[in-house]
Structures are given as structure tokens and as C-alpha cells.
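This chain uses plain numbering: 1 for the first residue, then up along the sequence. Just so you know, ligand 1 is whichever comes first in the structure, and atom 1 is the first atom listed for that ligand.
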Amino acid sequence: MNNQVDRAHYATVSPYQDSPQSIGHGATISAPHMHAAAVESLLPHLLPTPGSPPRRVLDIGSGSGYLTHVLAELVGESGTVVGVEHISALRDLGDANMRASARGRDLLAAGRVRFVVGDGRQGWVEQEGAGAGADGGEGSWDAIHVGASAVRLHEELVRQLRAPGRLFIPVDDDEAGGGAGNQHIWTVDKDAEGRVSRKKLFGVRYVPLTDRPRS
Ligand code: SAH
């Protein structure tokens, strides 16, 4: 997928094994095949396009920071990627893992990647004021990746997509909760005219997108 980013900087145990690995705080770094599937799905909205505005990408539940780094490589020099974590220790982990490589340090220093603390279910809006983050506006995103399983397709995330833009999100099948824990990847596309369509892709197993833990 992207040979420039070494998973060993992002997972201390079995970094190259094709399965999720614990990164503490009940979180895991996703398996390589899941990162690959996410990038493949989002790719048309990641690569820089001549004549288009610089890419802006949101990585919700950035965890290890591995995918955040890969996304930053793909959006090119003009693009920016923001990683959102609701656990500040994991925000710091992503940041520290990127600092393990000279390239990661450069991307952070250039402001091409930032890790922030917030509830990813609200997306992330950098500019204040009316309309910030809304359809195609300054604060909106070409691509939003969600790395934890949601109970629903959060409308606020769809609202913050550019037109065109794509949301990649694992969603629990049983919206009422308490089910067998089955989940599927969904993509939500906003086309150039702002029309929204959704697609259910394949079954997955992610940690949940939740409220912030109390401790
Ligand atoms: N993409 C990451 C996945 C980490 S696991 C990686 O491959 O390393 C999922 C992450 O989602 C966890 O780190 C968890 O802390 C985070 N998370 C869960 N609920 C969240 C929320 N409401 N807002 C932001 N992050 C959340």
C-alpha cells in the first residue's frame, strides 16, 4: 500500500502480522489488510488533483497514528490530515509514534499532520463561525476515515464532507445495541452536487466508537 511508513514505529508487538495488535487503553492498531481496504476506498479523495483545493482528510480514532501517517503521504505536500482521539494518551501515542521517524517529524513540523483530542462523532471543525465545516466549505473534508465502530452513520460527519467527498465508517448492524456485535463497513458519498448516497460493503470487527472513558 505504502512502503514509506514502517508499521514497526506504530506497533511494538508483531507489527507486520496481518491482525490487529493492542496499543493499550482498550484500543488496537487495525490489521494491515483493513488499513489497505480503507485507503483503497478513499484513494480517489486522497491523491492531489491539479486545479483542486489542497486535500483535507480527517482520521477519527487515530490510535497508533499509522494510518494517519499513511494518509499524509498520500495527500501530498499541500494536503493536511487531522487525527482525532478522545483519549489524550492515545493522541500523544500517535504523535510520539510519528516522531520515531525523521519523515514523521518533518510532516508534523510542516503542519501536514496534527493529532487532536475530541469526540470524533462530532467530526472536527477548525474554523469558528457560521457554516464552518459545512458542505464544501473551508473547514470540510475530502475524506473522513473512522477507525472505530459507530452505532449509526453520524449525520454530522456527512455534513462535514466536501462535495465530492467520502466517509469510510464501520457501523454496528444492530442499531439497538446488545446484538452479536456484527459490524459492516459503510461508505457515504457526497457527489459534486451535494447528493448523498450510502453503500454497505463487508463485515468487520472494530473496537467501538464510544463516550470518553471516565478514568
Ligand atoms: N486507526 C487506529 C485505530 C485505533 S482503535 C489504528 O489503526 O491505530 C480505535 C480508536 O478509536 C481507539 O484508539 C479509541 O480510543 C478511538 N475512539 C473511540 N471512540 C472515539 C470517539 N468517540 N472519538 C474519538 N476517538 C474514539
For [atom], closest protein heavy-atom neighbour:
atom: atom 19 (N) of ligand 1; answer: Thr210 N, 3.0 Å
atom: atom 2 (C) of ligand 1; answer: Gly61 O, 3.2 Å
atom: atom 5 (S) of ligand 1; answer: Thr28 O, 3.1 Å

(message) Are the side chains of Val188 and Arg166 in contact, using a 4.5 Å heavy-atom criterion?
(response) no

(request) Please determine if Arg55 and Glu73 form a salt bridge, counting it only when a charged side-chain N lies under 4.0 Å from a carboxylate O. (result) no

(request) Output yes when Arg56 and Asp142 qualify as a salt bridge under the 4.0 Å nitrogen-oxygen rule, no when they do not. (result) no

Could you tell me which atoms of ligand 1, counted from 1 in the order shown, lie closer than 4.0 angstrom to a heavy atom of [X]?
X: Gly118; result: 23 (N), 24 (C)
X: Val207; result: 5 (S), 9 (C)
X: Arg121; result: 22 (N)
X: Ile87; result: 15 (O)
X: Pro208; result: 18 (C), 19 (N)
X: Leu90; result: 13 (O), 15 (O)
X: Ser62; result: 1 (N), 2 (C), 6 (C), 8 (O)
X: Ser64; result: 6 (C), 8 (O)

Donor-acceptor pairs under 3.5 angstrom involving side-chain atoms of residues 88-96: please list them, not counting sequence neighbours.
{"unit_1": "Arg91", "atom_1": "NH1", "unit_2": "Phe115", "atom_2": "O", "d": "2.7"}
{"unit_1": "Asp95", "atom_1": "OD2", "unit_2": "Arg99", "atom_2": "NE", "d": "2.7"}
{"unit_1": "Asp95", "atom_1": "OD2", "unit_2": "Arg99", "atom_2": "NH2", "d": "3.3"}

(message) For Ile169 versus Arg152, what's the shortest heavy-atom pair and its separation?
(response) CD1-O, 4.2 Å

(message) If you take the nearest heavy atom of each of His86, Met34, His154, Arg91, which one is closest to atom 24 (C) of ligand 1?
(response) His86

(request) With sequence neighbours excluded, give me every side chain to side chain donor-acceptor pair (under 3.5 Å) pair touching residues 75-84. (result) none

(message) Please determine whether side-chain contact (heavy atoms from CB on, under 4.5 Å) holds for the pair Tyr10 and Leu67, giving the CA-CA distance in whole Å, both sets of side-chain angles, and the decisive distance to 0.1 Å.
(response) CA-CA 9 Å; Tyr10 295 89; Leu67 185 66; over 6 Å; no

Is it the side chain (CB and beyond), the backbone, both or neither of [X] that lies under 4.0 Å from ligand 1, heavy atoms counted?
X: His35; value: side chain
X: Leu209; value: both
X: Ile29; value: both

(request) Could you tell me if any non-hydrogen atom of Pro20 lies under 4.0 Å from any atom of ligand 1? (result) no

(request) Measure the acute angle between the ring planes of His35 and Tyr66, then classify it against the limits of 30° and 60° as parallel, tilted or perpendicular. (result) tilted

(message) Quick check: Phe202 with His184 (ring centres under 6.0 Å apart)?
(response) no

N or O contact, [X] vs ligand 1, cut-off under 3.5 Å:
X: Asp119; answer: yes
X: Glu85; answer: yes
X: Gly120; answer: yes

(request) Please check if Ile87 and Val207 belong to a single hydrophobic cluster, counting links between Ile, Leu, Val, Met, Phe, Trp and Tyr side chain heavy atoms closer than 4.5 Å. (result) no

(message) If hydrophobic clusters are built from ILVMFWY residues whose side chains come within less than 4.5 Å, do Val113 and Val117 share one?
(response) no

(request) Go through His9 and Asn97 one step at a time and tell me if the side-chain hydrogen bond (donor to acceptor under 3.5 Å, both in side chains) criterion holds. (result) CA-CA 6 Å; His9 295 149; Asn97 287 345; over 6 Å; no

